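Letters go in sequence order (proteins before strands), and every chain restarts at 1. No experiment lies behind these values; they were computed from the predicted model shown.
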There are 2 protein chains.
Amino acid sequence: MTRYNHPTRILVALDCIIFGFDGEFLKLLLIKRNFEPEKGKWSLMGGFLNEEEDLEVAAARILYELTGLRDIYVEQLQTFGKVDRDPVERTVSVGFFALINIDDHDPEAVKAHNAYWISLNDIPELIFDHAKMVELARERLRYKAALHPLGFELMPEKFTIPQLQKLYEAIYGMTLDRRNFSRKLLSTGLLIDTGEKNENSATKKATLYKLNREKYQDKFHEFWNFMPDTFLI
Amino acid sequence: MTRYNHPTRILVALDCIIFGFDGEFLKLLLIKRNFEPEKGKWSLMGGFLNEEEDLEVAAARILYELTGLRDIYVEQLQTFGKVDRDPVERTVSVGFFALINIDDHDPEAVKAHNAYWISLNDIPELIFDHAKMVELARERLRYKAALHPLGFELMPEKFTIPQLQKLYEAIYGMTLDRRNFSRKLLSTGLLIDTGEKNENSATKKATLYKLNREKYQDKFHEFWNFMPDTFLI
DNA sequence: ATGAATTGTGTTTAGTTGACACAATATTAC
DNA sequence: GTAATATTGTGTCAACTAAACACAATTCAT
């Protein structure tokens, strides 16, 4: 096979910023490394791009390996290419941004990788430029969730409007008006009333909704407005 | 120096999608290749990432080489990593999205690279996956320009509101109401009246404005709304 | 002077947003 | 069993914003 002559071949890594929501806090799935390099320190889940592997396939592989999940919400975040970002060897890393329902992950796989769900408010020091990746992913989440119905990717199959509101309050670190939030959400037509109630509640049981997936697919790229206009990025 | 053992090192390329606006049409700066591979065909301006070079520095280098411009609007678009995207050799390419004032570029440099400004409505067949890059860049432009005051990056230093409107109409392929557009723009406080008029006009001379750069910097990341609500991505 | 093309500004109506009130439901304490 | 407490569901209203539309002003050609 013909090859390009002059340029340098470089390692291409992938790192995954995996978000979950436990009903109260936004969390990231982080790894306490029991392998080299930087053994004993915290990092994102990552891996290298193989010779015969599409980039997106590699991301799905790495996410599956840690969570046991396929077909979850993934998008490219950004590629990080500072010369000295990895002290071992020049490595360019493509960051991937994933949202999962925290109840769906495979605990065995997570345990096997020595991974833990860590609250976004409590992220430890991370290796390399992973803190920058996390910060960018957080901004991306705040950005997109204000415009697109992204939040549902973090919710269980059936959920209540108050639960959803708690998610948005966690994302933006602010309290929202219950009544306006409910009106806005219901007006999107994205929610289907399951007829069931949340039996876990100690007071009035909230209605359980599920996502209207057809409408979600169709209208995902439209601009919506899930946050008050007073909110600024 | 220690190196990682197992993974394959891969070529990392950069490709630049460079937008300009000539007052009527949105255009891309494309290259008619007088070099291998794919000599004689059209492509984006690109290059390879060097061993001792930051990714963003490489993008700025490639953009400078073609346009003679520094400090222009650049953002990462996406990284393209299909196995067979480059038939010569496995290459991952980071796409960069650039907006320039079409009057500012260095014609010598453009000529030296055998590059031409091609209307977005008239893009020729492009090598590799460059058509996909262009399509994604176009979507990104449509997305961001609806929310952020991105359009100014494509305008000359002094411009009129009708000129700006023509740009938005070119981006979205739709006509806009002159009066509502003007009101919306002026209400942002981003425009400074230079006191001058556009002397090129054969009829009533429009006011020349310049960008309030301080406010532009400050408020760029706020959500604005430069397109009617009836507009959908 | 008059007409044609273009620019600048104003008005109106419909719809949306944000602030806030009250009623209904479920559990616990008494 | 009734009251108190916490939570959920629905409604109202005033202020604001957007979209549609009208008219006056400017400039040049005739």
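Although no hydrogens or angles enter the test, the distance criterion places a donor-acceptor pair under 3.5 Å between the side chain of A/His113 and the main chain of A/Ala109.
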Review point. Would B/Lys166 and B/Glu169 count as a salt bridge (charged side-chain N to carboxylate O under 4.0 Å, His left out) if you check the C-alpha gap in whole Å, the side-chain angles of each, and the deciding distance to 0.1 Å?
Key: CA-CA 5 Å; B/Lys166 283 202 180 64; B/Glu169 290 180 336; over 6 Å; no
Mind running salt bridge (charged side-chain N to carboxylate O under 4.0 Å, His left out) on B/Glu135 and B/Lys132 for me, showing each step along the way? CA-CA 5 Å; B/Glu135 181 51 31; B/Lys132 199 182 286 181; over 6 Å; no
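Taking the six-membered ring for Trp and the full ring otherwise, the centers of A/Phe128 and A/Phe80 sit at least 6.0 Å from each other. Residues A/Phe21 and A/Phe25 place their aromatic rings such that the two centres sit no closer than 6.0 Å.
Between A/Ile161 atom CD1 and D/dT10 atom C1' the separation is 11 Å, expressed in whole Å. At whole-Å resolution of the value, CD in B/Glu169 and C1' in C/dT6 are 14 Å apart. Atom CZ of A/Arg178 and atom P of C/dC22 are 14 Å apart (whole Å). In this structure, the CG atom of A/Leu186 is 8 Å from the P atom of D/dT10, given to the nearest Å. Whole-Å rounding puts the A/Gln163 CD to D/dT7 P distance at 14 Å. Rounded to whole Å, atom P of C/dT7 lies 13 Å from atom CG of B/Leu164. For the pair A/Met227 CE and C/dG18 C1', the interatomic distance rounds to 13 Å; values are reported in whole Å. Look at CG on A/Leu191: it is 14 Å from C1' on D/dG9, rounded to the nearest Å.
Contact between the side-chain N/O atoms of A/Thr207 and the OP1/OP2 oxygens of D/dG9 is found at a separation under 4.0 Å.
Using a 4.0 Å heavy-atom cutoff across all strands shown, A/Thr160 reaches no nucleic acid atom at all.
Side chain to side chain, A/Ser93 and A/Asp15 meet the donor-acceptor criterion of an N or O pair below 3.5 Å.
Salt bridge present: A/Lys158 and A/Glu196 bring a charged side-chain N and a carboxylate O closer than 4.0 Å.
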Taking only N/O atoms, report every protein-nucleotides 12-14 of chain D pair under 3.5 Å with atom names and distance.
none

Nucleotide N/O of nucleotides 26-29 of chain D paired with protein N/O under 3.5 Å:
residue : atom : partner  : partner atom : Å
D/dT27  : O3'  : B/Lys205 : NZ           : 3.3
D/dC28  : OP1  : B/Lys205 : NZ           : 3.0
D/dC28  : O4'  : B/Ala202 : O            : 3.0

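Nearer to the 5' terminus of DNA chain D, by closest-nucleotide assignment, is the contact made by A/Pro162 (compared with the other of A/Asp177 and A/Pro162).
B/Asp71 CG: 12 or fewer foreign heavy atoms inside a 6.0 Å radius.
The base of D/dA20 lies outside donor-acceptor range of the side chain of B/Arg179, with no N or O pair under 3.5 Å.
For residues 171-180 of chain A, every residue pair satisfying the salt bridge (Lys or Arg N to Asp or Glu O under 4.0 Å) rule, not counting sequence neighbours, is listed here: A/Asp177-A/Arg179.
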